[in-house]
Amino acid sequence: MAAKKVDRLHVVDGTYELFRAFYGRGPDRTTAEGRPFKAVAGVVGSVLALLRDEAEAVTHLAVAFDRPIESFRNELFEGYKTGEGMDPELVEQMEPAEEALAALGVTVWPMDEWEADDALATAAARFAGEVGEVRLMTPDKDLGQCLVEGRVVQVDRMREKVIDVAALRERRGIAPASLPDWLALVGDSADGIPGLPGFGEKTVSRLLARFETLEAIPDDPAAWPEGLRGAPRLAGVLARQREEALLYRRLATLATDVPLRETLDDLRWRGAPRQRWEAYCESVGMPRWKTRPPRFDDED
């Protein structure tokens, strides 16, 4: 008898969760040894809440982190985002957050050459055919390029919103495959992608709704959709800076070939390993966490 198909795979952007916890409301926390712990506690609390969420029905789970922030993209473009200027207390909690989730029995993907987004994109590409649905737990617009109708969605837990292909088309007017081109022209300040001057979101959406890729956009503005303000000027900018735009698209395109070692079965969350989890809770001065997991691996 063939094995039952897994309903869902949940893949979490751990870096997003870490930043959200660090800069979010709530009291500062420290470990029993006095080390910063607010962000770690927030990540753990978020993942525990996900595991307890009956509507999400988590069975298979992985969490990806950027460590360090830099990736192969920094070698391609000097202006790409770096960890420069990050709060030292946040940096100090990056590795401990990974250790906390590992103690909970969750698969953790620490990225170095790649980014956490690349791990999510790779998981979506690799496992979409093995599960009913891959759920990318992040509101990051970059992940929109991974959406596949009926197979891959994004989940914005803060806004309680599911982002699918239809939602992307409604918001941006483009297909998922065109999103890196869209980011290349509009820019993405969070990632240090400058975009091209004068290209706003609505203009770029109309261009890519018609032409889909950078290469297909004609140099002649007369061939562009009617009614685009400043079309001759923008066409001139694109003609002069098309090579830069193609580089920006490469920066915005997520890798789908990160060498993740785990099989789908390896990503099954079998419950918190009781002894390891309880020892971890004691070590960080959080004994009340011992009973928080919804299941332990020694339970039937």
Worksheet item: CG of D298 to CZ of R295: how many Å apart, nearest 0.5 Å?
Response: 11.0 Å
Fill in: Side-chain donor/acceptor of D53 to backbone N/O of A55, under 3.5 Å
yes
Item to complete: List the steps and the verdict of side-chain contact (heavy atoms from CB on, under 4.5 Å) for M137 and V11.
Response: CA-CA 6 Å; M137 312 302 288; V11 194; over 6 Å; no
Item to complete: State, yes or no, whether a side-chain contact exists between L183 and D191 at a heavy-atom distance under 4.5 Å.
Response: no
Practice prompt. May I ask whether L168 and V155 are part of the same hydrophobic cluster, defined by side-chain heavy atoms of I, L, V, M, F, W, Y residues being less than 4.5 angstrom apart, directly or through others?
Written response: no
Practice prompt. Scan side-chain atoms only and decide if D181 and S178 contain a donor-acceptor pair under the 3.5 Å cut-off.
Written response: no
Fill in: Reported CD-to-OG1 distance for the pair E130 and T263, which is rounded to 0.5 angstrom
8.0 Å
Item to complete: Verify, without hydrogens or angle tests, whether K81 (side chain) and N74 (backbone) share a donor-acceptor contact under 3.5 angstrom.
Response: no
Discussion item. Are R8 and V131 packed together at the side-chain level, in the sense that at least one heavy-atom pair is separated by less than 4.5 angstrom?
Written reply: no
Item to complete: State, to 0.1 Å, how close P225 and L207 come at their nearest heavy-atom pair, and which atoms those are.
Response: CD-CD2, 4.0 Å
Worksheet entry | Side-chain ion pair, D265 and R270, N-O less than 4.0 Å | yes
Worksheet entry | Backbone N/O of L260 and side chain of R126: donor-acceptor pair under 3.5 Å | yes
Worksheet item: When you measure from the side chain of E299 to the backbone N and O of F296, does any donor-acceptor pair fall under 3.5 Å?
Response: yes
Discussion item. Applying a strict under-4.5 Å side-chain criterion to I, L, V, M, F, W and Y, I'd like to know whether V162 and V165 cluster together.
Written reply: no
Worksheet item: Could you give the distance from CG (D117) to CE (M111), rounded to the nearest 0.5 Å?
Response: 11.0 Å
Item to complete: Answer yes when E282 and K290 have at least one side-chain N-carboxylate O distance shorter than 4.0 Å, and no when they do not.
Response: yes
Discussion item. Is it the case that the side chain of Q145 and the backbone of D142 share a donor-acceptor pair, with hydrogens and angles ignored and the cut-off at 3.5 Å?
Written reply: yes
Fill in: Path from L101 to Y16 over hydrophobic side-chain contacts below 4.5 Å
no
Discussion item. Once rounded to the nearest 0.5 Å, what's the spacing between atom OG1 of T107 and atom CZ of R261?
Written reply: 10.0 Å
Worksheet item: Looking at side-chain heavy atoms only, is the closest gap between L214 and R249 below 4.5 Å?
Response: yes
Item to complete: Indicate yes or no: does R73 engage D118 in a salt bridge with an N to O separation below 4.0 Å.
Response: yes
Fill in: side-chain contact (heavy atoms from CB on, under 4.5 Å) between I69 and M94, worked out
CA-CA 10 Å; I69 295 297; M94 297 178 83; 4.1 Å; yes
Discussion item. To the closest 0.5 Å, what do you measure between CD (E226) and CZ (R206)?
Written reply: 8.5 Å
Practice prompt. Flag the pair Q241 / E243 as yes when at least one side-chain heavy-atom distance between them is below 4.5 Å, and no otherwise.
Written response: no
Practice prompt. May I ask you to say whether E201 pairs ionically with R172, meaning some side-chain N is under 4.0 Å from a carboxylate O?
Written response: yes
Response to the item:
Hits for salt bridge (charged side-chain N to carboxylate O under 4.0 Å, His left out) against D220, two or more places apart or cross-chain, chain-then-number order -> none
Item to complete: Kindly compute the distance separating CG (D188) from CD1 (I193), expressed to the nearest 0.5 Å.
Response: 5.5 Å
Fill in: Aromatic centroids of F37 and W289 separated by under 6.0 Å
yes
Worksheet item: Is a side-chain donor or acceptor of R250 paired with a backbone partner of L76 at a separation under 3.5 angstrom?
Response: no
Worksheet item: Are any of the side-chain heavy atoms of M286 and Y280 separated by less than 4.5 Å?
Response: no
Response to the item:
For A121 and C146 the tightest heavy-atom approach is CB-SG, 3.5 Å
Discussion item. Within the structure provided, determine whether V152 and L136 are in side-chain contact (heavy-atom separation under 4.5 Å).
Written reply: yes
Item to complete: For S71 and E115, test the side chains for any donor-to-acceptor distance below 3.5 angstrom and give the result as yes or no.
Response: yes
Discussion item. Side chains of W269 and T59: any donor to acceptor distance under 3.5 Å?
Written reply: no
Discussion item. Any non-hydrogen side-chain atom of S283 less than 4.5 Å from a side-chain atom of E33?
Written reply: no
Worksheet item: Q154 side chain to L147 main-chain N or O, any donor-acceptor pair under 3.5 Å?
Response: no
Discussion item. Less than 4.0 angstrom from a charged side-chain N to a carboxylate O is my criterion; do R242 and D219 meet it?
Written reply: yes
Worksheet item: Backbone N or O of P218 within a donor-acceptor pair of the W224 side chain at under 3.5 Å?
Response: yes
Worksheet item: So, E98 and R67, do they make that salt bridge, N to O below 4.0 Å?
Response: yes
Fill in: Hydrophobic cluster membership, W114 vs W109, 4.5 Å side-chain cutoff
yes
Fill in: Under-4.0 Å salt bridge between R135 and E56
yes
Worksheet item: Given side chains that start at C-beta, do those of L234 and P221 come closer than 4.5 Å, heavy atoms only?
Response: no
Worksheet item: Does a side chain donor of either D66 or T15 reach within less than 3.5 Å of an acceptor in the other side chain?
Response: yes
Discussion item. Donor-acceptor check, side chain of T122 to backbone of V258, threshold 3.5 angstrom: yes or no?
Written reply: yes
Practice prompt. Evaluate side-chain contact (heavy atoms from CB on, under 4.5 Å) for F199 paired with L238, printing each intermediate quantity in order.
Written response: CA-CA 9 Å; F199 280 82; L238 181 57; 4.1 Å; yes
Practice prompt. Quick one: list whatever passes side-chain contact (heavy atoms from CB on, under 4.5 Å) with S46, sequence neighbours left out.
Written response: E17, R20, R157
Discussion item. Please give me the minimum heavy-atom distance between A21 and V43, naming the atom from each residue.
Written reply: CB-N, 4.2 Å
Item to complete: Write down the atom of D297, the atom of P273, and the distance for their closest heavy-atom approach.
Response: OD2-CA, 3.3 Å
Worksheet item: Do you reckon V186 sits in the same ILVMFWY cluster as L143, going by side-chain contacts under 4.5 Å, direct or chained?
Response: yes
Fill in: Where R151 and A128 come nearest, the two heavy atoms and their spacing
NH2-CB, 3.5 Å
Fill in: Minimum-distance pair of heavy atoms, taken over all atoms of A184 and Y248
O-CD1, 3.6 Å
Worksheet item: Has the side chain of Q93 got a donor or acceptor atom that lies under 3.5 Å from a matching backbone atom of V40?
Response: yes
Worksheet entry | Worked check of side-chain contact (heavy atoms from CB on, under 4.5 Å) between V6 and L264 | CA-CA 9 Å; V6 173; L264 181 61; 3.9 Å; yes
